[in-house]
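Down below is the structure, laid out as structure tokens.
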Amino acid sequence: MHVRISLPDGSMREMPRGATAGDVARAIGPGLAKAALAARVDGDLFDLERPIERDVALELVTAKDEAAALELVRHDYAHVLAEAVQRLFPGTQITFGPATDDGFYYDFAPPPERGPFTEADLPAIEEEMRAIIAADKPLRREVWDRDALIAKWRAEGETFKAEWAATLPEGEEISVYWSGDDWMDMCRGPHLPSTGRLDPRAFRLTRVSGAYWRGDPNNPQLSRIYGTGWLNAKQLEAHLHRLEEAAKRDHRKLGREMDLFHFQEEAPGAVFWHPRGWALFLELIGFMRRRQRAARYVEVNTPDVMDRGLWEVSGHWHNYREHMFSTETEDGRVYALKPMNCPGGVSMFAHGLKSYRDLPLRMAEFGKVHRYEPSGALHGLMRVRHFTQDDAHVFCTPGQMAGECREVIGLVLDIYRQFGFDDVAIKLSTRPDSRIGDDATWDRLEGALVEALEGLGLAYALNPGEGAFYGPKLEFVLRDAIGRDWQCGTLQVDMNLPERFDIGYVGEDGARHRPVMLHRAILGSFERFIGILLEHHAGRLPLWLAPVQAVVATIVSDADGWAGEVAARLAAAGLRVETDLRNEKINLKVREHSLMKVPVMLVVGRREAEEGTVAVRRLGAERQELLSIDAAVAMLRAEALPPDLGGA
RNA sequence: GCCGCUUUAGCUCAGCCGGUAGAGCACAUCAUUCGUAAUGAUGGGGUCGUCAGUUCGAGUCUGACAAGCGGCACCA
């Protein structure tokens, strides 16, 4: 019996039935046999030595197919890690461990008396992994009967594995992989032919962590070990280098170096904005205010502290109280700090009679919200407990809704573009299991969002079941300079608050109607957006956003008077400018302002003072440009304009 | 909130087996007036995160708490 195997070059090979991809590779040539890591059989990844029982299209996978090869080796590293840990720490249960974006992890249940693994354990585990790789143990696939496997896991005290196997359908055959003949794990595969195919210099164990069994906090917490794994040492080095570069642009580090903000123990998750950071914050607010005005929004301001009665009406007191800061006054009245701006927004709409002629009403608020986030969630500016949203609520008729959604989406994307973010992903989150409203309404609202997206010709990803309980939503995720994703903007349809606050407008027919309420934020939170901008630009913000746009630095004290004049001219032109008249060498001044990421330095010495000129030095530039004061002011004024006012 | 780790001068960090603190940068003063990424000298600065405990004696050992870091969970 033979099987016909077609190869990517169009050729066909007859092989005995039960031959393997490895046999095919060896038949083609020793070079390929050595390079082959796995095979793609009719499109699916297969072990090199798994028998082929039928006619197939076969493609050998080598390191050249990097994505597939990385996935394979990372999966193998995870298995080697698990084997190493069980060798070193008998009694540790294995659970499971997949490949990740840059490596792998494996979750373990160490014996209680041993406790979770710590970073101090990693070197020994790495060494054991290298021993397993050096032993070049064959990785062999075997198919087991489900119940027999469960029995085996139980007998060995592997309760997590047994539980996992028991969730698989009854009667199903389950594949396991042997490493040599002394260790095995249940696994779908595929794997490399042997552990020796891994590069012992291309991985590193990086950190440990707790992780809940099956992601559920009610389950026991396992001890997770993370590693990064690659095809060769060079790739590993490159990855470690990238991590170092990313650490340099960490917004928390930049915030300190650029003197933008700080945090302190008495106010966890709350930002102390320094003058420079606040200048940036205000510039962003100004920009958003102009853009919203141009888009025909009105701006309002609602109270930060409101009676619990309001939060009972909105439902927050019931559903969100554990995340709310509340306070009781001397007279026994209970107030809460707003965790969201919407109840204030709806109250604003409810005040006074509204007509259909008032709609659409686009009501913006730069509202500071306060949420008691879990302590472990806090992260610099990215996740804080007190933050300012560029929030807006759009009240409109059902007929206006799709158009309003289109307007919002257009505005969001245009604003991101002006910040230099062109790569924006859109996610549509649809009805969750637990929700209000009937299916027909959900159909209509989800349909309106889809219609708006399609009307603009935009691609989007579907997040089924991820919508809010009160309505579907769009999320705008932007990708920064080093490929990280950040969810910023959101557009949500709300069928809850209009009901709860019983708001209405008088229609053309003279009857009372319920408006559609849309929530929308573009930057999301100013705090987080500033964090993203800092990391995206590695602190070198565009001129219009730079906290200090220019420093006039003197070379000799004879130029102090001239430096003062230059700075005054620039300040009068609207620039944020400082002078540096210190009795220090110009080298030092250049260095310090460069480290502070000041985009422009205007250096003045005796010569410039006499000639009425300035030497303009751009951040990081080798050369300067000698300009008259008038030319320099005109140039910088134009360059410092925000993008919506014609700036770069 | 959960797991692990960390917390010493403004910042980055050293401090062995418990014997009551040290460096570089920063800061201040003085000298230096200098042409594009660190001028030199001198000096001041610390209830060693907080609170308990062990001990003759705690930065060092133990516990609780707090904050931070890396994950997990959370982000209606």
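Labels below follow one simple rule: chain letters A, B, ... track the order of the sequence lines, proteins then strands, and each chain is numbered from 1. Since the structure is predicted, the reported quantities are computational estimates derived from the model, not experimental observations.
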Under 3.5 Å, side-chain donor or acceptor atoms of residues 613-620 of chain A against the rest of the protein: list the pairs with distances, not counting sequence neighbours.
residue, atom, partner, partner atom, Å
A:Arg617, NH2, A:Ala621, O, 3.3
A:Arg618, NH1, A:Glu639, OE1, 2.7
A:Arg618, NH2, A:Glu639, OE2, 2.9

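Comparing the same atom, C1', in B:G18 and in B:U62 gives a spacing of 13 Å after rounding to whole Å. One C1' atom belongs to B:C48, the other to B:U60, and the distance between them is 10 Å to the nearest Å. B:A31 and B:G24: their C1' atoms are spaced 23 Å apart (whole Å).
A:Trp213 and A:Glu163 form a side-chain donor-acceptor contact under 3.5 Å, judged by distance and modelled atom types alone.
Contacts of A:Ala615 with the nucleic acid, taken as non-hydrogen atoms under 4.0 Å apart, include base atoms. Residue A:Thr118 is in sugar-phosphate contact alone, with no base atom involved, counting any heavy-atom pair closer than 4.0 Å across all strands shown. Contacts of A:Met340 with the nucleic acid, taken as non-hydrogen atoms under 4.0 Å apart, include base atoms. Residue A:Gly115 is classed as having no contact, given no heavy-atom separation below 4.0 Å to the nucleic acid. In this structure, A:Arg607 reaches the bases: a heavy-atom distance under 4.0 Å links it to at least one base atom across the strands shown. Here A:His593 lies out of heavy-atom contact (under 4.0 Å) with every strand. Nucleic acid contact class of A:Arg207 (heavy atoms, under 4.0 Å, all strands): sugar-phosphate only. Among the protein residues, A:Glu584 comes within range of the nucleic acid bases, having at least one heavy atom under 4.0 Å from a base atom.
OP1 and OP2 of B:U36 both lie 4.0 Å or more from every side-chain N or O belonging to A:Arg618. Residue A:His379 places none of its side-chain N or O atoms closer than 4.0 Å to OP1 or OP2 of B:G71. A sub-4.0 Å separation between OP1 or OP2 of B:G1 and a side-chain N or O of A:Tyr212 is absent. Neither OP1 nor OP2 of B:C72 sits under 4.0 Å from any side-chain N or O of A:Ser209. For the pair A:Arg606 and B:C34, the criterion of a side-chain N or O lying under 4.0 Å from OP1 or OP2 is met. Contact annotation: A:Arg252 reaches the phosphate of B:G70 (side-chain N/O to OP1 or OP2, under 4.0 Å).
One can place CZ of A:Phe272 at 16 Å from P of B:G10, the figure rounded to the nearest angstrom. Taking atom CG of A:Leu222 as the reference point, atom P of B:A73 lies 11 Å away to the nearest angstrom. At whole-Å resolution of the value, CD in A:Glu119 and C1' in B:G70 are 7 Å apart.
In this structure the side chain of A:Glu608 reaches within 4.5 angstrom of the side chain of A:Leu626, judged on heavy atoms.
Of all nucleotides listed (B:A73, B:C75, B:U33), B:C75 comes nearest to the side chain of A:Arg383. For A:Val556, taking side-chain heavy atoms from C-beta onward, the closest of the listed nucleotides B:C34, B:A37, B:C74 is B:C34. Looking at the side chain of A:Arg591, the nearest of the listed nucleotides B:C72, B:A37, B:C34 is B:A37. Set against B:U39, B:C74, B:A37, the side chain of A:Val590 has B:A37 as its closest nucleotide. Nearest to the side-chain atoms of A:Leu588 among the listed nucleotides B:C72, B:U39, B:A67 stands B:U39. In the set B:U33, B:A67, B:G4, the nucleotide with an atom closest to the side chain of A:Val208 is B:G4. The side chain of A:Arg617 sits closest to B:A37 out of B:U33, B:A73, B:A37. The side chain of A:Lys585 lies closest to B:U39 when the candidates are B:A37, B:G1, B:U39. Comparing B:A37, B:C34, B:C72 by their nearest atom to the side chain of A:Tyr226 picks out B:C72. Distance from the side chain of A:Pro268 is smallest to B:G68 among B:G68, B:A73, B:U36.
Shortest non-hydrogen contact noted between A:Ile94 and A:Phe160 is O-CB, 4.1 Å.
Judged by Watson-Crick or G-U wobble contacts below 3.5 Å, the nucleotide B:A14 has no partner.
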